[in-house]
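Report on the structure given below.
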Amino acid sequence: EAQVTQNPRYLITVTGKKLTVTCSQNMNHEYMSWYRQDPGLGLRQIYYSMNVEVTDKGDVPEGYKVSRKEKRNFPLILESPSPNQTSLYFCASGGYQETQYFGPGTRLLVL
Amino acid sequence: GENVEQHPSTLSVQEGDSAVIKCTYSDSASNYFPWYKQELGKGPQLIIDIRSNVGEKKDQRIAVTLNKTAKHFSLHITETQPEDSAVYFCAATRSSYKLIFGSGTRLLVRP
C-alpha cells in the first residue's frame with residue numbers, strides 16, 4: 001500500500017530535550033516536506049527536500065533541522081524544543097505539481 | 001511571497017445543498033492550485049487541483065474555478081452529503097515545492 005508513515009504519532013516532551021520525528025514513504029517520490037498545523041493558521045511549511053542531500057527552508061524553519069540521506073526517509077529534528085513548537089506535524093511526499101501525499105500526523109506537546 | 005486567504009472559516013449546510021469555499025492569492029505567478037480535505041485525525045488528502053491554463057475543472061460532485069485576473073479560485077461541492085463534513089484547505093504555488101495553504105474551512109453537513 002502506497003503510504004507515508006510518521007513516528008511517533010503522539011509525543012509529550014520537556015523543553016530542551018532533543019527529539020526526532022521520523023517520516024518514511026514507499027512511493028519512490030523525490031520530493032518530501034514537513035508542515036506544522038496550528039489552529040487558524042492552516043498548514044505552514046517547515047522544510048522541504050527535492051532529492052537526496054538537497055533540502056531547503058520553508059516558511060517557518062526556525063528551531064528545526066532535517067536531513068535527507070535516503071530517498072525514502074526525511075526525519076524532522078528538534079534540537080532544543082520549546083513550548084511554541086507544540087503543534088501537529090505532517091510529513092508529505094510527491095512530485096512536481098502533482099498530488100502530495102500526507103502522513104497521518106504527529107501531535108507534539110512541549111512542556 | 002505568496003499569501004492565500006480562505007473564506008469562510010466555518011460553513012454549515014443542509015444535506016443536499018451546495019457548498020462554496022473561496023480563496024484569494026497574492027502572487028500573480030502562482031500556477032498550481034490544489035484543494036485538500038482533512039478528516040478528523042487524519043492527514044490532508046488531495047481532492048481536486050487546477051492549473052493556471054484552465055478556468056474550471058470538475059470531478060463528479062466537486063468543481064474548482066479559477067479567475068486569474070481577480071486572483072481567486074473557488075471550490076464547489078454539490079449535493080452535499082454528511083461524509084463531506086471535514087476541514088478543507090486551498091493552496092497556491094508557483095513552484096509546487098513551496099505550497100502556501102489557506103487557513104482552512106470547517107464544513108458541516110447537517111443530515
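Predicted, not measured: the structure shown is a model, and the values here were computed from it. Throughout, protein chains are lettered first and strands after them, A, B, ... in sequence-line order, and every chain is numbered starting at 1.
Relative ring orientation between Y36(B) and F102(A) is described as perpendicular, the plane-to-plane angle rising above 60° on a 0-90° scale split at 30° and 60°. Classified by interplanar angle (parallel below 30°, tilted 30° to 60°, perpendicular above 60°), the ring pair Y31(A)/Y48(A) is tilted.
We find that D59(B) and K57(B) are not joined by a salt bridge, their nearest charged nitrogen and carboxylate oxygen being 4.0 Å or further apart.
Residue contact with chain A, scored on non-hydrogen atoms closer than 4.5 Å, involves the side chain of Q38(B) exclusively. The contact between L41(A) and chain B is made entirely by backbone atoms, counting heavy-atom distances below 4.5 Å. Proximity to chain B (any heavy atom under 4.5 Å) is shown, for R44(A), by neither the backbone nor the side chain. Residue Q6(A) does not touch chain B at all, counting heavy-atom pairs closer than 4.5 Å. Using a 4.5 Å cut-off between heavy atoms, P34(B) makes no contact with chain A at all.
The CG atom of D17(B) lies 12.5 Å from the CD1 atom of I77(B); values are rounded to the nearest 0.5 Å.
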Query raised in the report: So F101(B) and Y35(A), ring pair (Phe, Tyr, Trp, His ring centres under 6.0 Å) or not? Walk me through it.
Result: CA-CA 10 Å; F101(B) 283 85; Y35(A) 296 86; 5.5 Å; yes
